[in-house]
Undergrad: 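Sharing a structure here in structure tokens format.
Numbering starts at 1 and runs along the sequence shown. Atom set for the values below is all heavy atoms of this structure, side chains included, hydrogens, waters and symmetry mates excluded.
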Amino acid sequence: MGVFSYQYLASNDSLLFNITPTHFPPLPPIIDQTISITIIVAIFITMVSLGCTMEVSKIKTHILKPKGVAIAVVAQFGVMPLTAFSLAKVLQLGPMEAVAVLICGCCPGGSLSNILALALKGDMNLSIVMTTCSTVLALGMMPLLLYLYCQGFSNLESAVPYAGITLALVMTLFPCGIGILINFYRPQYSKTITKIGLSLLLISMVVIGLLASVTRGRINVMLTVLSPQLMATAALIGYSLGYILSYLFRVNRSGQRTIAMETGCQNIQLCSAILKVAFPPDVIGPLYLFPIVYIVFQVGEALLLIVLFWVHQRFFKTTKKEKRVYEAVKLEEAGQPSDVAI
């Protein structure tokens with residue numbers, strides 16, 4: 001049962017009007033409960049693993065020099081929600097599709113962004129602090145942003161369960177706090193827990209997708225979640241926005257790559273949990289699977305960026321040593337002495 005009871009839905013005509021066009025046949029109770037429990041367990045474990053990456057000392061360092069974090073917060077809670085809103089408008093998404101996209105766009109960064117930033121040789125301290133700050137700030141920013149942007153859709157402002165979303169956010173801070181304590185008192189276990197958390201995240205998303213597609217019918221799920229509009233939205237909300245913003249504010253190269261990853265890679269566990277738990281199953285239907293579609297596109301785009309980055313590093317980037325050797329060769333050719341051994 002979602003945060004909205006069916007009695008409440010029936011007694012609220014304007015709300016019922018908002019969600020009636022997107023009604024879906026309910027899942028069998030046992031399957032619905034299995035999916036809900038899987039999502040809750042997955043988000044608990046992954047949030048613990050996220051907490052295991054956070055260090056108080058690193059947070060303090062970036063708080064004293066908050067430029068990178070400030071830019072990241074603007075990108076996370078300014079640019080991303082605005083982009084999600086704009087795409088929902090331009091692509092003329094339905095009411096519940098728009099809600100799913102907005103919730104995904106307003107979510108904080110996830111632990112997967114730290115792995116992607118590492119692969120791109122980003123600033124890992126900044127990455128971890130950005131994830132920490134966005135997770136904490138989401139407690140107030142997500143309900144506020146959803147309320148503001150839902151005003152832009154006809155009668156949609158009353159269809160979002162703000163209390164349920166706030167409760168879900170509060171619940172995510174608890175396992176995150178457990179992870180921080182583990183990292184502080186037992187840091188030798190942190191890396192193992194983080195790896196387990198990411199593995200369980202991937203496994204749980206596959207299990208949820210299979211359960212939903214088998215019980216609802218593969219065609220219905222594909223037509224709903226893999227619609228051209230939703231796929232275009234998932235593909236276009238991404239890394240370029242964070243990179244452009246950090247470039248304009250002259251953040252160093254590693255910081256630019258880090259902010260790009262943190263901006264584009266959302267906490268899909270949290271998004272799925274909110275969509276699944278806060279809305280009745282016959283209202284949200286398979287749309288709680290949209291975060292999976294989103295992360296598939298984002299991981300695919302990230303892998304492409306990582307390959308291009310490593311190719312550039314390997315074949316095109318000139319190292320300082322190579323520059324010195326090149327300068328020494330030029331000096332030797334000009335008949336001038338050089339202190340660099342060739």
Undergrad: So, K89 side chain and G152 main chain: donor-acceptor pair closer than 3.5 Å or not?
TA: yes

Undergrad: Looking only at heavy atoms, which two atoms of Q266 and T263 are closest? And how far apart?
TA: OE1-O, 3.1 Å

Undergrad: Any idea which heavy atoms bring L93 and A98 closest together, and the distance?
TA: CB-N, 4.1 Å

Undergrad: If only atom types and distance count, is the side chain of Q76 paired as donor or acceptor with the main-chain N or O of G242 below 3.5 Å?
TA: no

Undergrad: Rounded to the nearest 0.5 Å, what's the gap from OG on S246 to CZ on R257? Could you check?
TA: 10.5 Å

Undergrad: Considering all heavy atoms of both residues, which atom of T135 and which atom of T131 are nearest to each other, and what is their separation?
TA: OG1-O, 2.7 Å

Undergrad: For S127 versus E262, what's the shortest heavy-atom pair and its separation?
TA: OG-OE2, 2.6 Å

Undergrad: Should the heavy atoms of other residues, nucleotides or ligands under 6.0 Å from CD of Q92 be counted, would the total exceed 12?
TA: no

Undergrad: Considering non-hydrogen atoms only, spot the tightest contact between Y239 and A302 and give its length.
TA: OH-CB, 3.5 Å

Undergrad: Hey, is the main chain of G109 close enough, under 3.5 Å, to the side chain of S134 for a donor-acceptor pair?
TA: yes

Undergrad: Parallel, tilted or perpendicular: which one describes the rings of Y294 and F290, with boundaries at 30° and 60°?
TA: tilted

Undergrad: Would V48 and C176 satisfy side-chain contact (heavy atoms from CB on, under 4.5 Å), going step by step from the backbone distance to the final call?
TA: CA-CA 5 Å; V48 170; C176 193; over 6 Å; no

Undergrad: Less than 3.5 Å apart, any donor N or O on the side chain of T258 or D123 sitting next to an acceptor on the other?
TA: no

Undergrad: Evaluate Q256 against F249 for side-chain contact (heavy atoms from CB on, under 4.5 Å), listing each step before the verdict.
TA: CA-CA 10 Å; Q256 291 173 10; F249 283 91; over 6 Å; no

Undergrad: Check whether S272 reaches the backbone of I268 with its side chain - one donor and one acceptor, N or O, closer than 3.5 Å.
TA: yes

Undergrad: Is a donor on one side and an acceptor on the other found under 3.5 Å between the side chain of Q298 and the backbone of I295?
TA: no

